[in-house]
Amino acid sequence: MLKSGLRGITGFLQLRKRSHSRQTISSSREIGLTDYELETINKLPFFGKNGTNAPKRFSNTKRQEYLNEKLPAVKSLFGEDSRYPGFINHSLPSRMPIPFEAARGTDEEIVSNRLSVTKLLTKSWCELRHAYDVYAKIPKFEGRPIIKGREEHQKLEDETHSLAEEQRAFEKDFEVVIPDDEFHKLADSWFASLVKMVNLFTDGEAREVLCHGYLNKEEGNLVEGPLIGDENVLVSGIIDHLLLKLRDVPVSNNVLPLRLENTVISKNCEDIALVFEQLKKAESLHTKFEVMISDVKTRFMRKIPNQQSVLKASKLQVMYYRYFMEVLGQNSHETYEKLLTNAQRRGFDVNRFIDPAKVLSMMATDDMIRADMYRLKNGDSLGFTPFDNSELSISESAVYDMSDYHDKITDARVIHRYSDFFEPWTKPVTLKYLAARLSQMYHHLAPFLSDKLMIEYYYNGDNFHNIIFEFDSEILKEHSSDSAKFWFGKRGIEPIDRNLKNFVTFCKYCDYEPVCSWKKGGTDMCKELGTDLTKTQKS
């Protein structure tokens with residue numbers, strides 16, 4: 001029986017490639033495969049519905065649809081190269097806006113004056129590819145490596161922090177709708193970063209922590225002091241991993257977090273002000289402890305990248321994070337204003353009330369702001385002058401009021417924990433409050449920052465290799481200046497060098513390879529050189 005199936009296996013494979021499963025089964029019966037043999041073959045991982053073949057074909061189809069949309073869009077913008085008909089021009093036409101203007105979305109109010117750290121790394125691969133993508137304005141295709149990498153990052157975060165789990169548990173049974181719009185997502189991310197940085201001093205590590213800086217588009221330099229004028233562009237970043245370690249211990253390939261538990265600050269404290277007092281008393285400990293900044297890279301094979309530009313960009317990425325954390329920690333009053341500017345550049349009103357349901361969700365996630373909520377409710381000061389002296393630009397009739405929660409909430413657990421807040425508040429909870437506490441936390445963390453930085457490489461959940469290197473402010477300033485020139489139109493696009501190694505290493509994996517005039521010209525140049533060398537050898 002099996003022998004007859006083996007005789008027809010070649011035909012079966014060919015038919016399966018050309019048709020869907022029903023057609024395949026029908027055709028395979030014609031070549032003599034029994035139901036048992038069909039079932040056996042379909043259970044094989046590379047033939048089954050859940051095997052790698054089906055997702056791969058689906059992915060390729062989706063990717064082709066993506067390319068069919070993106071390539072013509074870029075071609076229509078850049079035009080064809082007159083020397084190579086059908087190939088996209090590799091120079092930016094004079095009629096085109098500068099890259100920074102082109103990167104803006106349809107809603108300029110939200111995305112104006114904003115970049116990310118990864119967007120500054122224009123030469124991590126090929127700047128021409130980066131430029132094409134900027135002008136295409138089509139979201140990056142998310143293949144399996146990107147999706148798997150995001151899942152790996154989320155897994156690492158969940159293993160380190162219980163914030164998401166505790167928040168989900170509360171929200172699951174909560175009787176009031178908790179808003180999840182972009183404004184409240186920002187509030188949530190600020191709160192989470194605050195909690196994570198505090199927990200760094202008890203648990204020894206923190207993941208997915210926000211940082212940001214500003215790039216002056218006129219001078220092309222990173223801004224250190226207060227923000228003056230509108231020429232400063234917001235550059236946002238998310239730090240993958242912060243690790244607390246002993247400063248005098250030599251750094252090896254494997255850095256383990258140092259758990260201090262209650263040594264420096266009180267774990268599970270319900271008053272963030274008390275935590276800050278404890279951190280202030282522990283400032284001298286920065287000579288004993290240090291915080292390393294690290295970035296996590298997930299790989300589709302157990303090997304680090306061999307492209308030097310990729311490795312250099314990865315190091316620069318962590319250097320930006322290190323620089324931003326240092327600047328954010330220099331002056332808490334200036335950082336408070338920078339955080340408010342951050343929110344405003346995203347199109348948010350810093351005086352807008354954070355929904356009471358979201359506030360209760362935050363407290364359920366971590367109680368460290370509980371005492372502050374009493375302070376706001378009762379109209380007491382936080383002890384942070386810029387916030388305490390600030391005025392809210394709100395309607396006279398607008399009142400932060402949780403009184404109706406007496407009628408909305410019937411869960412005895414929630415009533416027991418939070419009924420004290422179910423009344424009108426003297427001061428509302430806004431982004432200004434979160435900016436106040438977050439700016440103070442950056443200030444307390446800054447003295448512990450290490451000049452040693454790290455890149456962690458993961459494959460299938462295994463941290464198989466780390467690269468440890470030193471922070472270099474001069475290299476960073478040189479890079480930020482060069483990147484600023486690209487984004488603000490002070491220089492042209494600088495593609496990779498034209499040589500066979502780069503064509504194989506970079507162009508081979510580029511979406512634009514079939515229509516890139518830069519690569520086409522380089523290939524022709526190499527062919528002509530080869531022909532000339534052959535003629536020279538013969539003569």
Side-chain angles (χ1 to χ4, degrees), residues 110 154 157-158 161-196 198-199 208 210 268-272 339-340 342-344 346-380 382 387 390 392-438 441:
I110 293 180
Q154 187 62 58
E157 183 182 4
D158 291 343
H161 303 288
S162 60
L163 292 176
E165 182 180 347
E166 290 173 354
Q167 194 169 37
R168 284 193 294 268
F170 175 82
E171 293 178 356
K172 179 183 176 182
D173 298 323
F174 194 54
E175 298 163 288
V176 179
V177 175
I178 300 174
D180 193 36
D181 54 85
E182 293 303 314
F183 171 80
H184 286 93
K185 284 180 180 176
L186 178 65
D188 208 33
S189 63
W190 280 13
F191 172 72
S193 290
L194 171 65
V195 173
K196 289 172 181 177
V198 170
N199 290 343
E208 308 299 323
L210 298 181
N268 301 322
C269 180
E270 293 187 359
D271 189 355
I272 186 69
L339 281 164
L340 298 184
N342 181 327
Q344 290 164 340
R346 296 169 187 266
F348 299 127
D349 180 1
V350 295
N351 292 308
R352 177 182 169 183
F353 293 172
I354 297 175
D355 192 282
K358 173 58 74 174
V359 172
L360 293 179
S361 174
M362 289 176 177
M363 283 196 283
T365 303
D366 196 294
D367 251 349
M368 69 173 61
I369 63 168
R370 187 180 183 89
D372 270 357
M373 296 302 99
Y374 280 117
R375 292 184 181 103
L376 293 179
K377 181 174 73 74
N378 298 329
D380 299 331
L382 296 184
F387 173 81
S390 67
L392 288 174
S393 302
I394 56 175
S395 168
E396 292 293 330
S397 60
V399 178
Y400 201 74
D401 193 354
M402 288 194 190
S403 299
D404 58 348
Y405 275 51
H406 283 295
D407 300 323
K408 292 179 178 180
I409 304 297
T410 60
D411 189 322
R413 297 167 299 175
V414 176
I415 293 172
H416 174 71
R417 287 285 295 164
Y418 305 112
S419 61
D420 287 353
F421 300 103
F422 297 173
E423 58 184 70
W425 290 34
T426 305
K427 295 181 179 179
V429 186
T430 63
L431 288 177
K432 283 185 173 181
Y433 162 72
L434 292 173
R437 289 317 195 191
L438 195 53
M441 189 61 227

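Basis for what follows: all heavy atoms, side chains included, without hydrogens, waters or symmetry-related copies. We count residues from 1, following the sequence as given. As the structure is a prediction and not an experimental result, all values here were calculated from the model.
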**Asked** If we only count heavy atoms from C-beta on, is the Y433 to I369 side-chain gap below 4.5 Å?
**Response** yes
**Complete:** dist F170:CZ -> I178:CD1 (nearest 0.5 Å) comes out at 5.5 Å
**Message:** If we ignore hydrogens and angles and just use 3.5 Å, is the side chain of E175 paired with the main-chain N or O of D411 as donor and acceptor?
**Reply:** yes
**Item:** Closest contact, heavy atoms only, M402 versus W425
**Value:** CE-CZ2, 3.7 Å
**Message:** Would the distance check show the side chain of S189 and the main-chain N or O of L186 forming a donor-acceptor pair, the cut-off being under 3.5 Å?
**Reply:** yes
**Prompt:** Hey, is the main chain of I354 close enough, under 3.5 Å, to the side chain of Y400 for a donor-acceptor pair?
**Reply:** yes
**Item:** Gap between atom SG of C269 and atom CZ of R370 - 0.5 Å precision
**Value:** 12.5 Å
**Heavy-atom pair with the smallest gap, counting every atom of M441 and V198** = SD-CG2, 3.6 Å
**Request:** Test side chain to side chain contact (heavy atoms under 4.5 Å, CB included) on D181 and H184 and set out the steps.
**Result:** CA-CA 5 Å; D181 54 85; H184 286 93; 2.9 Å; yes
**Item:** Test log, rule side chain to side chain contact (heavy atoms under 4.5 Å, CB included), inputs M373 and D420
**Value:** CA-CA 10 Å; M373 296 302 99; D420 287 353; over 6 Å; no
**Request:** State, to 0.1 Å, how close E171 and S361 come at their nearest heavy-atom pair, and which atoms those are.
**Result:** OE2-OG, 3.1 Å
**Prompt:** How many angstroms lie between atom NZ of K196 and atom CG of D366, to the nearest 0.5 angstrom?
**Reply:** 12.0 Å
**Fill in**
In terms of heavy-atom contacts, S419 and H406 come closest through O-CE1, 4.3 Å
**Request:** Using the side chain to side chain contact (heavy atoms under 4.5 Å, CB included) rule, take V350 and T430 through it: C-alpha gap first, then chi angles, then the decisive distance, then the call.
**Result:** CA-CA 6 Å; V350 295; T430 63; over 6 Å; no
**Request:** Drop me the distance from K377's NZ to E423's CD, to the nearest 0.5 angstrom.
**Result:** 3.5 Å
**Request:** Output the distance between atom CG (N351) and atom CG (L431), rounded to the nearest 0.5 Å.
**Result:** 9.0 Å
**Message:** For D380, is there any backbone N or O sitting under 3.5 Å from a side-chain donor or acceptor partner on N378?
**Reply:** no
**Prompt:** Considering only heavy atoms from C-beta outward, does the side chain of N268 approach that of D367 to under 4.5 Å?
**Reply:** no
**Request:** Would you indicate whether the side-chain heavy atoms of R413 and D173 approach each other to under 4.5 Å?
**Result:** yes
**Request:** Enter the distance from L360:CG to Y418:OH here, rounded to the nearest 0.5 Å.
**Result:** 7.0 Å
**Request:** Applying side chain to side chain contact (heavy atoms under 4.5 Å, CB included) between F183 and each of R346, R352, K358, report the one that passes.
**Result:** R352
**Item:** Note, L339 side chain near L438 side chain (heavy atom, < 4.5 Å)
**Value:** yes
**Message:** side chain to side chain contact (heavy atoms under 4.5 Å, CB included) for I272 and L194? Distances and angles first, verdict last.
**Reply:** CA-CA 10 Å; I272 186 69; L194 171 65; 4.3 Å; yes
**Request:** Please report the shortest heavy-atom distance between D401 and S403, naming the atom on each side.
**Result:** OD1-OG, 2.6 Å
**Request:** Anything under 30° is parallel, anything over 60° is perpendicular, the rest tilted; go ahead and classify Y405 against F422.
**Result:** tilted
**Asked** What's the verdict on salt bridge (Lys or Arg N to Asp or Glu O under 4.0 Å) for D188 and K185, showing C-alpha distance, side-chain angles and the deciding distance?
**Response** CA-CA 5 Å; D188 208 33; K185 284 180 180 176; over 6 Å; no
